[in-house]
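Input: a single structure, listed below in structure tokens.
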Amino acid sequence: MHQFQPYPIDLLEINPFTKISNEWMLIAAGNQEKVNAMTASWGGLGVLWGKNVAFIFIRDSRYTKEIIDAQEFFSISFMGKEYREALNYCGSHSGRDTDKVVNAGLTWNYKLSIPFIDEGSFILLCHKLSATKLTKDSFQSPEIAKWYTDGDMHTMYIAEI
């Protein structure tokens with residue numbers, strides 16, 4: 001069970017490029033009645049609008065998207081290497097019909113009613129500030145289109161940490 005501790009942002013020593021693209025993250029949203037998480041490897045951390053923020057990308061087809069769209073908050077859980085199989089499971093199964101987090105051997109927990117994965121080694125609780133749907137006509141480089149040949153576009157969410 002997590003014991004959340006405030007952590008001064010200026011002491012944070014993580015490499016977001018490695019953390020997100022190589023180690024992956026679980027994005028979770030919902031409430032006690034309806035909750036889901038998904039594995040993600042696209043996103044980032046930074047400063048925007050005078051706030052420390054996380055930004056994530058979720059495709060239209062993902063079940064987690066409808067849950068995040070209905071919520072004000074979500075969490076990002078980073079896991080240790082020993083959870084790679086669970087991350088693979090959560091990234092390759094839908095939560096529409098089953099609790100894939102439990103099936104992956106992970107545990108749901110809540111802080112301030114925000115769901116997160118209890119086994120996470122580093123967890124961000126996020127307040128949604130913006131949701132922007134990406135469109136093909138917004139791409140400034142033609143090579144980006146290769147990621148959307150099936151038309152399943154992303155929405156970019158920006159959230160205060």
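What you see is a predicted model, and the numbers here were worked out from it, not measured in a lab.
- Ser121 and Gly80 get closest at one heavy-atom pair: OG-N, 4.1 Å.
- Across all their heavy atoms, Arg84 and Asn22 have their closest contact at NH1-O, 2.8 Å.
- Put simply, the side chain of Leu125 does not reach to within 4.5 Å of the side chain of Phe73, judged on heavy atoms.
- At a threshold of 4.5 Å between non-hydrogen side-chain atoms, the residues Asn36 and Lys100 count as touching.
- Taken from CG in Leu124 to NE2 in His127, the straight-line distance is 15.0 Å, to the nearest 0.5 Å.
- A donor-acceptor pair is defined here as one N or O able to donate and one able to accept, closer than 3.5 Å; such a pair exists between the side chain of Lys128 and the backbone of Ile68.
- From Leu45, atom CG reaches atom CD1 of Ile56 across 11.0 Å, with rounding to the nearest 0.5 Å.
- For the pair Ile123 and Ile76, the minimum side-chain heavy-atom distance is 4.5 Å or more.
- Of the possible donor and acceptor atoms, one in the side chain of Thr39 sits under 3.5 Å from a partner among the backbone N and O of Leu87.
- More than 12 heavy atoms of other residues, nucleotides or ligands sit less than 6.0 Å from atom CD of Glu82.
- Side-chain atoms of Ser77 come within 3.5 Å of backbone N or O of Ile117 as a donor-acceptor pair.
- A distance of 6.0 Å separates CG of Asp118 from OG1 of Thr107, quoted to the nearest 0.5 Å.
- Looking only at side-chain heavy atoms (C-beta outward), Ile58 and Thr155 stay at 4.5 Å or farther from each other.
- Panel note: side chain Glu119, backbone Tyr83; no donor-acceptor pair is recorded below 3.5 Å.
- Applying the ring-ring contact (aromatic ring centres under 6.0 Å, His included) test to residues at least two apart or on different chains, none of the pairs has a partner in residues 15-38.
- Panel note: side chain Asp152, backbone Ser61; a donor-acceptor pair is recorded below 3.5 Å.
- Trp42 shares a hydrophobic cluster with Leu48, Trp49, Val53, Phe55, Phe57, Leu129, Leu134, Phe139, Ile144, Trp147, Tyr148, Met153, Met156, Ile158; the chain of contacts runs through ILVMFWY side chains whose heavy atoms sit under 4.5 Å apart.
- Side chain of Ser130 to backbone of Tyr157: no donor-acceptor contact under 3.5 angstrom is found.
- Counting only residues at least two apart or in different chains, salt bridge (charged side-chain N to carboxylate O under 4.0 Å, His left out) contacts with residues 51-79 comprise Lys34-Glu66, Lys51-Glu160, Asp60-Lys133, Lys65-Asp69, Glu66-Arg96.
- Thr98 contributes no side-chain N or O that, together with a main-chain N or O of Gly95, makes up a donor-acceptor pair within less than 3.5 Å.
- When the salt bridge (charged side-chain N to carboxylate O under 4.0 Å, His left out) test is applied to Lys19, the partners found at least two apart in sequence or on another chain are Glu23.
- For residues 93-115, the ring-ring contact (aromatic ring centres under 6.0 Å, His included) pairs, not counting sequence neighbours, are Tyr89-His93.
- Of all the heavy atoms in Ile27 and Ala40, the pair that sits closest is CD1-CB, 3.5 Å.
- Contact annotation: the side chain of Leu26 never approaches that of Val101 to less than 4.5 Å [non-hydrogen atoms, C-beta and beyond].
- A pairwise comparison of heavy atoms in Cys90 and Ala104 identifies SG-CB, 3.9 Å as the closest pair.
- The hydrophobic cluster containing Ile67 also includes Tyr63, under a criterion of side-chain heavy atoms closer than 4.5 Å among ILVMFWY residues, counted directly or through chains of members.
- When hydrophobic clusters are built by joining Ile, Leu, Val, Met, Phe, Trp and Tyr residues whose side-chain heavy atoms come closer than 4.5 Å, directly or via intermediates, Leu11 is not grouped with Val47.
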